[in-house]
K.L.:
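Once you've had a glance at the structure underneath, I'll fire off some questions.
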Amino acid sequence: QVQLVESGGGLVLAGGSLRLSCVASGGTFSTYVMGWFRQAPGKEREFVVVISRSGASIYSADSVKGRFTISRDNAKSTVFLQMNSLKVEDTAVYYCAAGRSMAVIGELYNYWGQGTQVTVSS
């Protein structure tokens, strides 16, 4: 069983930046593809970005491309999401997820964190 714990959420002004972290335990971190998803109130869960096991490959949603950057530190079993140029529409609960393949749908991920709230105000 893999446990994932997100942190780093908070309240920021539009145009600002925030860095999220997700620490994994209970598994072999380097064997998992790691992704970030988000969910706004009343809306479906949305794919944000995913990174391969080695960190060599990254795929981002068009809505965050050029603004958000994913990275991982396998020695620390941690994946990060650097969010820049934040917009009000980025407001959501952000979840990290672990899976076995590069994927953009949540059903293909095996483990999920509890989420961290990101609120962007104008």
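Heavy atoms only: backbone and side chains are in, while hydrogens, waters and symmetry mates are out. Not measured: the values here are computed from a predicted model.
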K.L.:
Under 3.5 Å, is there a donor-acceptor pair between the side chain of Thr91 and the main chain of Val120?
P.N.:
yes
K.L.:
In terms of hydrophobic clustering (I, L, V, M, F, W, Y; side-chain heavy atoms under 4.5 Å; direct or indirect links), are Leu108 and Met102 co-clustered?
P.N.:
yes
K.L.:
Please find the pair of heavy atoms, one from Phe80 and one from Trp36, that lie closest to each other, and give the distance.
P.N.:
O-NE1, 3.4 Å
K.L.:
Do Met83 and Val12 have side chains that approach each other closer than 4.5 Å (heavy atoms only, starting at C-beta)?
P.N.:
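Counting from C-beta outward, Met83 and Val12 never come under 4.5 Å.
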K.L.:
Between Lys76 and Phe29, is there a side-chain heavy-atom distance shorter than 4.5 Å?
P.N.:
no
K.L.:
Taking the basic N atoms (NZ, or NE/NH1/NH2) and the acidic carboxylate oxygens, is any pair closer than 4.0 Å for Lys65 and Asp62?
P.N.:
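Here Lys65 pairs with Asp62 in a salt bridge, since their nearest N and O are under 4.0 Å apart.
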K.L.:
Same hydrophobic cluster for Tyr95 and Val118, using side-chain heavy-atom links shorter than 4.5 Å among ILVMFWY?
P.N.:
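In one cluster: no.
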K.L.:
Taking Asp90 for its side chain and Ala14 for its backbone only, find out whether a donor-acceptor pair lies under 3.5 Å.
P.N.:
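Pair absent, no side-chain N/O of Asp90 close to backbone of Ala14.
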K.L.:
Would Arg45 and Glu107 satisfy side chain to side chain contact (heavy atoms under 4.5 Å, CB included), going step by step from the backbone distance to the final call?
P.N.:
CA-CA 11 Å; Arg45 182 178 58 200; Glu107 286 76 10; 3.9 Å; yes
K.L.:
To the nearest 0.5 Å, tell me how far Thr69 OG1 sits from Arg19 CZ.
P.N.:
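Answer rounded to 0.5 Å: 10.0 Å.
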K.L.:
State, yes or no, whether a side-chain contact exists between Phe68 and Val49 at a heavy-atom distance under 4.5 Å.
P.N.:
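Heavy-atom side-chain distance check fails, nothing below 4.5 Å.
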K.L.:
Taking Tyr32 for its side chain and Ala97 for its backbone only, find out whether a donor-acceptor pair lies under 3.5 Å.
P.N.:
no
K.L.:
Would you find more than 12 non-hydrogen atoms of other residues, nucleotides or ligands less than 6.0 Å from Gln114 atom CD?
P.N.:
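No.
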K.L.:
At their closest point, which heavy atom of Ser60 faces which heavy atom of Ile58, and how far apart are they?
P.N.:
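Shortest heavy-atom separation between Ser60 and Ile58 comes out as OG-CG2, 4.0 Å.
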K.L.:
Do we see a donor-acceptor contact under 3.5 Å between the side chains of Arg100 and Thr31?
P.N.:
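A pair is found: one side chain offers a donor N or O, the other an acceptor, under 3.5 Å apart.
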K.L.:
Would a distance-only check, ignoring hydrogens and angles, find a side-chain to backbone donor-acceptor pair under 3.5 Å from Arg72 to Val33?
P.N.:
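Not at all, since once roles are kept as given, no pair shorter than 3.5 Å links the two residues.
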K.L.:
Ignoring hydrogens, what is the shortest heavy-atom contact between Ala24 and Leu4? Give both atom names and the distance.
P.N.:
CB-CD2, 3.5 Å
K.L.:
Would a single hydrophobic cluster contain both Val48 and Trp112, if residues Ile, Leu, Val, Met, Phe, Trp and Tyr are joined by side-chain heavy-atom contacts under 4.5 Å?
P.N.:
no
K.L.:
Side chains of Leu11 and Ser121: closer than 4.5 Å at any heavy-atom pair?
P.N.:
yes
K.L.:
So, taking the atom named OG1 in Thr116 and the one named CG in Leu81, what distance separates them when rounded to the nearest 0.5 Å?
P.N.:
11.0 Å
K.L.:
Taking C-beta and beyond as the side chain, do Asn110 and Val2 meet within less than 4.5 Å on heavy atoms?
P.N.:
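The answer is no, as the side chains (C-beta and beyond) never meet within the 4.5 Å cut-off.
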K.L.:
For the atom pair CE (Met34) and OG (Ser77), what is the distance rounded to the nearest 0.5 Å?
P.N.:
9.5 Å
K.L.:
Count I, L, V, M, F, W, Y as connected when their side-chain heavy atoms are under 4.5 Å apart, and connections chain through other members. Are Ile70 and Tyr111 then in the same cluster?
P.N.:
yes
K.L.:
Would Val50 and Tyr109 satisfy side chain to side chain contact (heavy atoms under 4.5 Å, CB included), going step by step from the backbone distance to the final call?
P.N.:
CA-CA 11 Å; Val50 62; Tyr109 290 80; 3.1 Å; yes
K.L.:
Mind checking whether Glu89 and Ser63 have side chains closer than 4.5 Å, heavy atoms only?
P.N.:
no
K.L.:
Which atom names give the shortest non-hydrogen contact between Lys43 and Gln39, and what distance separates them?
P.N.:
O-NE2, 3.0 Å
K.L.:
I need the minimum non-hydrogen distance between Val64 and Arg38, along with the two atoms involved.
P.N.:
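That closest heavy-atom pairing would be CG1-NH1, 4.0 Å.
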K.L.:
For the hydrophobic clusters of this structure (ILVMFWY residues joined by side-chain heavy atoms under 4.5 Å, transitively), does one cluster hold both Ile51 and Leu20?
P.N.:
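Hydrophobic grouping puts Ile51 with Leu20.
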K.L.:
Which heavy atom in Val79 sits nearest to a heavy atom in Ser71, and how many Å separate them?
P.N.:
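Heavy atoms of Val79 and Ser71 come nearest at CG2-O, 3.2 Å.
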K.L.:
Between Glu6 and Cys96 (side chain of the first, backbone of the second, donor and acceptor by atom type, cut-off under 3.5 Å), is there such a pair?
P.N.:
yes
